[in-house]
Each structure stands twice: as structure tokens, then as C-alpha cells.
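Small disclaimer: the values here were computed from a predicted structure and weren't measured. Proteins get letters first, then strands, A, B, ... in listed order; numbering begins at 1 in each.
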There are 2 protein chains.
Amino acid sequence: MEKAAFIRESIDFLQRYMMKSLQKYSEEHGVTIPQARVIAEVFAHKAISIKLLSKNLKMTQSTVSDIVERLTSKGLLVKTPNPKDKRSVEISLSSELSEGIDANIPEITNQSLSQVLNLLKPDEQETIEKGMQLLVSAVKEKMEADGMDHFEFFDVVYFPGKTKKEK
Amino acid sequence: MEKAAFIRESIDFLQRYMMKSLQKYSEEHGVTIPQARVIAEVFAHKAISIKLLSKNLKMTQSTVSDIVERLTSKGLLVKTPNPKDKRSVEISLSSELSEGIDANIPEITNQSLSQVLNLLKPDEQETIEKGMQLLVSAVKEKMEADGMDHFEFFDVVYFPGKTKKEK
DNA sequence: CTAACATATATCGCATACGATGTATCGTGT
DNA sequence: ACACGATACATCGTATGCGATATATGTTAG
């Protein structure tokens, strides 16, 4: 149990660190973390629907809708009705934003963690990656055993594991 | 960078899994996750101040104050003015709640993760723990280098690391 | 074509979450 | 006693975050 507590707290800690790192960057641009995530995702797709944003960012559609609403009212995003499907809207960057935007935004999230890894020796990085893989696959196994399979609230795409489900 | 992306997503995934696990238990008792965390902490201390709750749960004082307020209005917690310090209030479980409460609440948080670890072989558990330690200490190192040291937004007490700061 | 169903958003209500600020109290120094 | 800073909370404003529901539009069965 001691071990589990350590791992749980470590995950909490790491999560908070990543949030703080993102926040640092976000605040410099006058937006919040979720707003930055939305902007980055829109940037990566040029034009994208609320639905897809919701799926990619693992947030509910209503949450994304609210955030996009605030960003459009701030003039950072633009909503264009989709001619193909009038229920849908195309979210894109506003002209001002797309001008002055940093081209490597999508990588901001990983940047700080990448720098952290570079502090370590290759075999240490290996250990971390292996440990992560073991833990993630064990959790997935547990989820299946508990019938949480259909949650699909997150896909760690980089690790095949035993996930065989499609959608 | 590929490696960093995998680790970031893994941490996200693990965090979400722990949340879901806690949520499962919490919802059965008609409270939310943060409420359950507050109740568990109050239970563990019998009587505790807002300040200490805030520190232990890593939430701001205002957030804790709000949650305690909702729980007291639901009759689950009781606020008693502290005679020693009239600025402070003692938070304790209501009589009804302290009767029917599950005695091992404090362990709920770690329970599911503990079960996950038991799916693995001892040497695999070792790898996970080592990887976690390496990553956490590397992050701490990075934080010091970046001057985020004074954040102290979380202490992973189980791992000494190189942290030398107090308070 | 129309009814039934499905889909994409928007909106509402509620619960975090946090910074800023106000209030009461405590401690300390004068 | 008094002033002043520190402390413990409460409250307010704003921003997520999500479930439930409403609305408009697409799709399909008959």
C-alpha cells in the first residue's frame, strides 16, 4: 500500500507540474490553460468542429462549447457555419491570432517534459518509459476486468498494449 | 519528443483512471470527488481547520471553504468555532455521518491503484517505482533550475529526493 | 413525403477551482 | 491601550467542467 500511495502522489505531482508549465506559457499570452489547449488544437487543424475538439481534448462537448464561446467573444477564434452540415460550425483562428502565433504551439505541452527527460541518462529514460508502459497496461487490464472498458476516456496511442477495441 | 509525448499522455491517462475510480466510490455515497476527499481528510483528523484541509488537499483555502460550506449545508459536516482561536473553525463529521461511515475511507484513494500493482510481478512493480522516482526527481531538478522551487505546490513525501527546503 | 431517430451545438444548473478582497482575530512591539 | 502586520475564514467574480436538456438540422424507415 505504501508503494501505491507513492505512485499515486507521484502521478498527482507530475500532473501538477505539467499544468504549471503549460500555465506559465499560457499566461504570457493572456489565456487560460484550457483555452490554450483549444487554440493549439484549432491551430493544428486549421478548421475543426466542436465535436472533434471535444473528442481530441477529452472534454465534454458542453465544456468545449463554453470555452470556444469565450474565445470567440475575445476575438481569438472565429466560428463559421459549415455549409456541408448546417448543424456544425467550423472553428478557426482569427486573422490577428493566426498572424502572430508561434508556429510550434503544438509542441509546447511536451516541451518541458522533454527537457526534464534530457536531464537523465538514456538507461534512466528507458526505466521511466518501461515503468510507464507496465503501469498503463496493468491499469488497462484492471479496467477491462472491472468493466470500465467502454469508458475509452483516453487512448494512449503510443502504446499498443492489449487494446483491441475500435469505437 | 516522441518519448515525452508518450509519458505525458500516460500521466494524463493514469490521472483520469484514478479520478474515475474515486468517482465510482464517491457517487455511490452521493457526493462528488472533492467532497469525498474533504470528508476523508476530516474523518482522518476528527477535527481539522480549513487551513489544514487546504494544505493537505492541495487546494486553495477559498475552494475548501466553498466545499465545506456545501457539505455543512447538506448536514454532512459540522463547523464549530474554535475557542482557542476565534478566527478558526473546527470541521468535524456530523453525527449521522460518523455513525454509518466506512472505517477504511482513507485508503479508498490508493485501493484501486494497489490492486493494479498486484497484477504485476514484483520486479515489474520495482521498475514502475524506480521510473517514478527518477522522473519525479528529474522534474524537481528542472523546477529548481527554472526557479519554480518556491511553488511547493506538492510534496511527494515518500521520496526524499534532493529537496532541502523547509516549510 | 412524413414520422422517427440521430447528430451537432447551445444553454442551463450545479460543483469545483482560484485569485482578490473583506472581516475578525491574534501577536507583537511600543 | 494602541497600532500594525499576520492569520483564518468568508465572499465575490470568473473560468472551467459536466450532465441534462433544448434546438436545429440531417438521415432513414415506411
Fill in: Check: A/L117 main-chain N/O paired with A/Q125 side-chain donor or acceptor under 3.5 Å
yes
Item to complete: Round to the nearest Å and state the distance from A/R16 atom CZ to C/dC18 atom C1'.
Response: 13 Å
Item to complete: Quick one: label A/T60 by what it contacts on the DNA or RNA (base, sugar-phosphate, nothing), any heavy atom closer than 4.0 Å.
Response: base
Practice prompt. Report, as yes or no, whether the 6.0 Å neighbourhood of atom NZ on B/K55 holds more than 12 heavy atoms from other residues, nucleotides or ligands.
Written response: no
Practice prompt. Provide, to the nearest angstrom, the distance between the CE atom belonging to B/M59 and the P atom belonging to C/dG19.
Written response: 13 Å
Worksheet item: Roughly, in whole Å, what's the span from NZ in A/K55 to P in C/dT9?
Response: 14 Å
Worksheet item: At under 4.0 Å between heavy atoms, what does A/N82 touch on the DNA or RNA strands: base, sugar-phosphate, or nothing?
Response: nothing
Discussion item. Just verifying a value: how many Å separate B/D66 CG and B/T60 OG1, rounded to the nearest 0.5 Å?
Written reply: 8.0 Å
Worksheet item: Across the strands shown, which category fits A/I67 at heavy-atom distances under 4.0 angstrom: base, sugar-phosphate, nothing?
Response: sugar-phosphate
Item to complete: By nearest nucleotide on DNA chain D, pick out whichever of B/K51 and A/K74 is the more 5' one.
Response: B/K51
Worksheet item: Rounded to whole angstrom units, what separation is found between the CD atom of B/Q61 and the P atom of C/dT16?
Response: 16 Å
Worksheet item: Quick one: B/D66 CG to C/dG19 C1', roughly how many Å, whole number?
Response: 12 Å
Response to the item:
Given the options B/V42, B/L77, B/V78, B/L71 meets side chain to side chain contact (heavy atoms under 4.5 Å, CB included) only with B/L77
Practice prompt. Using whole Å, report how far NZ of B/K58 lies from P of C/dA17.
Written response: 15 Å
Discussion item. Mind checking if B/S88 touches a base, just sugar-phosphate, or nothing, with heavy atoms under 4.0 Å?
Written reply: sugar-phosphate
Fill in: Contact nearer the 5' end of DNA chain D, comparing A/T63 with B/E90
B/E90
Worksheet, complete the sentence: B/I50 CD1 to C/dA17 P, in whole Å, measures 14 Å
Worksheet item: Rounded to the nearest Å, what distance is computed from the CZ atom of residue B/R87 to the C1' atom of nucleotide C/dG22?
Response: 15 Å
Practice prompt. Report yes or no: do A/F43 and A/I48 belong to one cluster of Ile/Leu/Val/Met/Phe/Trp/Tyr joined by side chain heavy-atom distances under 4.5 Å?
Written response: yes
Worksheet item: Counting only side-chain N and O atoms of B/S62, is one of them less than 4.0 Å from OP1 or OP2 of C/dA20?
Response: no
Worksheet entry | Short side-chain N/O contact to C/dA15 OP1/OP2 from B/T32, under 4.0 Å | no
Practice prompt. State, to 0.1 Å, how close B/I33 and B/M19 come at their nearest heavy-atom pair, and which atoms those are.
Written response: CD1-O, 3.4 Å
Worksheet item: Earliest and latest nucleotide of DNA chain D, 5' to 3', sitting under 4.0 Å from a non-hydrogen atom of chain B?
Response: D/dA6 to D/dT11
Discussion item. At less than 4.0 Å, is any side-chain N or O atom of A/S65 found next to OP1 or OP2 of C/dA10? Yes or no.
Written reply: yes
Worksheet item: Does OP1 or OP2 of C/dT9 have a side-chain N or O of A/K86 closer than 4.0 Å?
Response: no
Item to complete: Identify whether NZ of Lys or CZ of Arg in B/K140 sits under 6.0 Å from the centre of the six-membered ring of A/F13 and within 45° of that ring's axis.
Response: yes
Discussion item. Less than 4.0 angstrom between a side-chain N/O of B/Q35 and OP1 or OP2 of C/dT16, yes or no?
Written reply: yes
Discussion item. Can you confirm whether more than 12 heavy atoms, excluding those of B/K86, are under 6.0 Å from its NZ atom?
Written reply: no
